[in-house]
Amino acid sequence: MQVHAQASDEADPAVAELIAARPHLSMHPMDGLVLEDVPLNAVADALGTPVWVYGAGTMRRRLAELTSALSDLPIHIHYAVKANDHLAVLKIFAAGGAGADVVSEGEFARARHAGIAARDIVFSGVGKTVAELRLALAQGVGQINVESAAELAMISEVARALGRTAPVALRINPDVDAGTHAKITTGKAENKFGIPYAEAAALYAHAASLPGIEPVGIALHIGSQILSFAPYRAAYARAADLVRDLRAGGQRVARVDCGGGLGIGYRDDSGASPIAFAGALRGAFAGLDVELMVEPGRWLVGPAGLLLSTVVLTKADEKFVVIDAAMNDLVRPAMYDAWHAIVPLSAGNAVGAARPVDVVGPVCESGDTFANARLLPALAAGDRVAILDAGAYGAVMSSTYNARPLAPIALVDGSRWAVIRPRQSISDLWAMERVPDFLPG
Ligand SMILES: *Cc1c(COP(=O)(O)O)cnc(C)c1O
């Protein structure tokens, strides 16, 4: 099994190759790195660093590319909100025709607030509470993906009390190894997710007999940052077999929710191809007469986001480049050993001779490291860099560890840009805190 999602012995790609593989980025001799049509130095000058920048046109283009690849299938795309839950991002995908896949009351409310109809929302997650189920059902949620017999009983009770019928899909654990990082594999039997394959048919029949429950189909989601289609094909073949078995047993199965997980090329342009994804779906489900759903998150937003940062200083004979962004901003390198491209913002810096450096943040943890022995042109205090492909599982996973305020977010759309979240102020850090009277002084 591949342990590190992105680890590789290959030489680091050069700055020019990294930019050439990303159509939304370009390097201009005077303006430096440009996202869509906005020079990123302009954003950093206005907002300071660290700062997130998202490309609206890039998100729209990726959704259109995926939609077009899947266009001959009876399919609906539900954007996985957890990858990037900003209201502006949700509005962009909703305008492009996507529904939402949510995993909490907060995500459900965000999707609704962004204008997504409840019927276009799928509620996923292994531990939905009664309060969450009540809210989703009262508003008319499109589908609830059920992960256990216990949850099915909870939904039946809540739906009955509300006088509603819950459209549910049973999330099956197909026991397939997605071949990705252990922390983002979800479809193996030992993972906490889903209903064991062998128990699915009996539970489906039981669901059909419960008051307040309408089983509409099955769901699966085998992991994230998947770059090989063999696991998808294996999981979808098992799902198609289950649909046939259920129907042979007299059950109605209208839908298969095929989950998300499409990987992106963090090092190069080797991300999962939507055409190949469509092929895997077609191969398993063509002729089965089921509606399909997919729930991509990372693939739609990952490449569209960058984290800009400034070099604070270099130390130990320039072995360490200390930048003003940290693991509290972008935790993926610390949490998943993720490889993120780092490129200078100025064209002059981008062409220097490359040498290996460790790019680290200022947080008091050795894990606060963005890159080890990364081949980068010389950087000095005050130079700016962009950490690429940070649009998914980036700002949503930020914390204020070390009392570092949340970084601002800017949205670029062609040649326009706007602040979509200002920098958190220092006093905001304790605005929610209360010190009880019984403490001295
Ligand atoms: C996280 C998740 C997704 C999205 O995964 P990506 O790898 O970002 O595409 C989709 N469906 C479910 C159930 C998830 O938990």
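Numbering of ligands and ligand atoms starts at 1, following listing order.
- Ring-plane geometry between Phe277 and Tyr236 is classed as tilted, the angle between the planes lying from 30 to 60 degrees on a 0 to 90 degree scale.
- When heavy-atom distances to ligand 1 are checked against a 4.0 Å cut-off, Ala80 comes that close only through its side chain, counted from C-beta outward.
- Close approach to Pro296 involves these atoms of ligand 1, each under 4.0 Å from a residue heavy atom: 9 (O).
- A distance of 14.0 Å separates CD1 of Ile92 from CZ of Arg62, quoted to the nearest 0.5 Å.
- For the residue pair Thr49 and Asp324, a side-chain donor N or O sits within less than 3.5 Å of a side-chain acceptor on the partner.
- Judged purely by distance below 3.5 Å, without hydrogens or angles, the side chains of His221 and Arg171 never pair a donor atom with an acceptor atom.
- Residue contact check: Glu295 has heavy atoms under 4.0 Å from atoms 3 (C), 4 (C), 9 (O), 10 (C), 11 (N), 12 (C), 13 (C) of ligand 1.
- Given atom 15 (O) of ligand 1, the protein heavy atom at minimum distance is Lys82 NZ, 2.7 Å.
- With respect to the salt-bridge test (charged N to carboxylate O, under 4.0 angstrom), the residues Arg404 and Asp329 qualify.
- Scored by the ring-ring contact (aromatic ring centres under 6.0 Å, His included) test, His78 finds His76 as partners (sequence neighbours excluded).
- A perpendicular orientation is assigned to the rings of His86 and Tyr54, their planes being inclined by more than 60° (bins at 30° and 60°).
- The side chain of Asp101, and not its backbone, has at least one atom closer than 4.0 Å to an atom of ligand 1 (non-hydrogen atoms only; side chain from C-beta on).
- Interface atoms of ligand 1 facing Gly261, defined by a heavy-atom separation under 4.0 Å, are 5 (O), 6 (P), 7 (O), 9 (O).
- Of the candidates Gln225, Met293, His221, the one placing a heavy atom closest to atom 3 (C) of ligand 1 is His221.
- Within the 4.0 Å heavy-atom criterion, both parts of Arg298, backbone and side chain, lie near ligand 1.
- In this comparison of Gly263, Gly223, Ser224, Gly194, the heavy atom closest to atom 7 (O) of ligand 1 sits on Ser224.
- Distances between N or O atoms of Gly297 and those of ligand 1 include at least one value under 3.5 Å.
- Between the Asp101 side chain and the Glu295 main chain, no donor and acceptor come within less than 3.5 Å of each other.
- Residue contact check for ligand 1: Ala392 places no non-hydrogen atom closer than 4.0 Å to it.
- Contact analysis leaves Gly259 out of contact with ligand 1, as no non-hydrogen atom separation drops below 4.0 angstrom.
- Of the possible donor and acceptor atoms, one in the side chain of Ser399 sits under 3.5 Å from a partner among the backbone N and O of Tyr401.
- Using a non-hydrogen distance threshold of 4.0 Å, Tyr393 registers as a contact of ligand 1.
- Geometrically, ligand 1 and Ala83 share no nitrogen or oxygen pair separated by less than 3.5 Å.
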